[in-house]
Participant: 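Dropping the structure in here first, questions after.
Note that the structure is a prediction, hence the values are computed from the model and not measured.
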2 protein chains.
Amino acid sequence: MKELSRRQRAILEFIERFLDENDYPPTIRDIQRELGISSTSVVDYNLKVLEARNLIRRNRNISRGIELVGRGSRRNIVTIPVIGQIAAGAPIPVPEDLETAEADETIELSADLVPDSGRGLFALRVKGHSMVDALINDGDIVLLRKQETCENGDTVAVWLKDQKETTLKKFYHEGNRIRLQPANVTMEPIYTDPENVEIQGKLVTVVRAIS
Amino acid sequence: MKELSRRQRAILEFIERFLDENDYPPTIRDIQRELGISSTSVVDYNLKVLEARNLIRRNRNISRGIELVGRGSRRNIVTIPVIGQIAAGAPIPVPEDLETAEADETIELSADLVPDSGRGLFALRVKGHSMVDALINDGDIVLLRKQETCENGDTVAVWLKDQKETTLKKFYHEGNRIRLQPANVTMEPIYTDPENVEIQGKLVTVVRAIS
DNA sequence: GGTTGACACGAACATGTGTTCGTTCCTATA
DNA sequence: TATAGGAACGAACACATGTTCGTGTCAACC
């Protein structure tokens, strides 16, 4: 299998660059113009090679039908609104309706990092160091689904009424009490009365940007 | 400011759906066909309203020039190869050359979650519970830049030669020794000889998919 | 009832865009 | 040198696609 020619590489790079700058792919004539090629059929010839090498996919007979194979696409990306903060001393700001929730910020990531393609999720920025027992740090972004019940083993944000405190832990029903287990396996669980616990949401993903 | 009409909402939703399924936007006739509209000028009319409401942007006089405004685009997404694992008992698999590194998997996320638009980064999947002092859990994905030196305060993956162990900690030069500080602020630092320490990479981002 | 503005329709046109075919050039090989 | 295959070229064509204009309908308002 031969190496790509210089021109083929240039075409591939141009497509990548074009997609960096636009939300639609280039036309054959865009490629032609940009690379100083004198005929659309040369572009076509080289696109055929790139397609045979599975570096691009061409949707035929429609305009701008070029897709880059290795790049991934928007199809696999989900956008989650960051709607506020989570801190120990307050209940979390659970949105009534995600469609209209105020979000100054969004976070985008591969759909396979979240359940159900990100439907129904919201994100909160962690404030403080009080969630380290959940292996969550100040400044981390946590992604949650709003729910008021859960399965055993789910990691949930709960509001502890007596302590007036929000915490993130694994949740287990045990007879007539609740066990809240830290994600940090070296730490002790807490046990509490079901009446003391308000589930606010289920934790699905954590993102930490360090630098 | 009026509500969107039913048809305008339908058009907007169709564009979103189309972009979920394709790497290029729909044409006006795609929209027309799909929604059973009898004339391209109706599509045009409603697109004009959506544009005036800043819900879409139209690049004029080119085919498939519609961009969704709220959605974000591939432009802000970076793709990072997941090239292996990080575990305590072995040095990490630092790639010679990221362009050609073998990656069965990639992770994609907003460029603002990583430095330098993700250039030069690779990802590793955490194996085991030995990084909890870095608030990193089994199964997490850590994103690193390959580097063999660092600044004070950088969180780095280091190979401790005597202990034959990889660890992730904040790195500080202190006179003739190195202080490695856990991200978990409640835990004690370790001090070691510079000769014992091999910096393998700088940690930039952590992602944890819980469910 | 008349008027106005929003919205839909149809048709036509202009141009954007992809495809195809035949020819020529270039390079490597025998 | 001759040959073959890869690659480039040019031209033409077909059709995909966006734009524009005029007309009609409907609902609200005076």
Participant: How close or far is atom C1' of D:dG6 from atom CG of A:Leu4, stated in whole angstroms?
Facilitator: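 Taking atom C1' of D:dG6 as the reference, CG of A:Leu4 is at 15 Å.
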Participant: Distance check needed: D:dC15 P versus A:Asn59 CG, whole Å only.
Facilitator: 19 Å
Participant: CZ of A:Arg6 versus C1' of D:dA7: gap in Å, rounded?
Facilitator: 15 Å
Participant: Do A:Ser41 and A:Asp44 have a side chain donor and acceptor closer than 3.5 Å?
Facilitator: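 Not at all, the side chains of A:Ser41 and A:Asp44 share no donor-acceptor pair under 3.5 Å.
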Participant: Could you state the atom-to-atom distance from CD of B:Gln8 to P of C:dA6 in whole Å?
Facilitator: 11 Å
Participant: Rounded to whole Å, how long is the line connecting atom OH of A:Tyr24 with atom C1' of C:dT17?
Facilitator: 14 Å
Participant: Nearest whole Å is fine: how far is D:dC9 P from A:Ile31 CD1?
Facilitator: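 The answer, rounded to whole Å, is 15 Å.
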Participant: Take atom CD1 of B:Ile28 and atom P of C:dC13, then tell me their distance rounded to the nearest Å.
Facilitator: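 Computing the B:Ile28:CD1 to C:dC13:P distance gives 19 Å.
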Participant: Name every residue in residues 37-50 of chain A that has at least one heavy atom under 4.0 Å from any atom of DNA chain D, in order of residue number, or write none if there are no such residues.
Facilitator: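 Hits under 4.0 Å, by residue number: A:Ile37, A:Ser38, A:Ser39, A:Thr40, A:Ser41, A:Val42, A:Tyr45, A:Asn46.
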Participant: Can you check whether A:Asn61 has a side-chain N or O nearer than 4.0 Å to OP1 or OP2 of D:dA16?
Facilitator: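 Checking A:Asn61 against D:dA16: no side-chain N or O falls below 4.0 Å of OP1 or OP2.
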Participant: Report yes if at least one side-chain N or O of B:Ser63 is closer than 4.0 Å to OP1 or OP2 of C:dT17; otherwise report no.
Facilitator: yes
Participant: Let me have the donor-acceptor pairs involving side chains of residues 145-153 of chain B, under 3.5 Å, with sequence neighbours excluded, atom names and distances please.
Facilitator:
{"residue": "B:Arg145", "atom": "NH2", "partner": "B:Asp116", "partner atom": "OD2", "Å": "3.4"}
{"residue": "B:Arg145", "atom": "NH2", "partner": "B:Arg119", "partner atom": "O", "Å": "2.7"}
{"residue": "B:Lys146", "atom": "NZ", "partner": "B:Pro95", "partner atom": "O", "Å": "3.2"}
{"residue": "B:Gln147", "atom": "NE2", "partner": "B:Thr149", "partner atom": "O", "Å": "3.1"}
{"residue": "B:Asn152", "atom": "OD1", "partner": "B:His173", "partner atom": "N", "Å": "2.7"}

Participant: For residues 19-69 of chain B, which residue pairs pass the ring-ring contact (aromatic ring centres under 6.0 Å, His included) check, not counting sequence neighbours?
Facilitator: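 ring-ring contact (aromatic ring centres under 6.0 Å, His included) check on residues 19-69 of chain B returns B:Phe18-B:Tyr24.
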Participant: Tell me, which pairs form a side-chain hydrogen bond (donor to acceptor under 3.5 Å, both in side chains) where one or both residues lie in residues 153-165 of chain A, sequence neighbours left out?
Facilitator: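 Sorted pair list: A:Gln163-A:Asn196.
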Participant: Between B:Ile210 and A:Val206, is there a side-chain heavy-atom distance shorter than 4.5 Å?
Facilitator: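 The answer is yes; the side chains approach within 4.5 Å.
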Participant: Of B:Gly36 and B:Ile62, whose nearest nucleotide on DNA chain C comes first from the 5' end?
Facilitator: B:Gly36
Participant: Taking only side-chain nitrogens and oxygens of B:Arg64, does any of them come within less than 4.0 Å of OP1 or OP2 of D:dT17?
Facilitator: yes
Participant: Under the ring pair (Phe, Tyr, Trp, His ring centres under 6.0 Å) test, which residues partner B:Tyr172, sequence neighbours left out?
Facilitator: none
Participant: Can you find a side chain N or O atom of B:Arg60 that sits less than 4.0 Å from OP1 or OP2 on D:dG18?
Facilitator: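 So the side-chain polar atoms of B:Arg60 never come under 4.0 Å of the phosphate oxygens OP1 or OP2 of D:dG18.
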Participant: For DNA chain C, whose closest nucleotide is more 5', that of B:Arg29 or that of A:Asp30?
Facilitator: B:Arg29
Participant: Partners of A:Asp138 by side chain to side chain contact (heavy atoms under 4.5 Å, CB included), sequence neighbours excluded?
Facilitator: A:His129
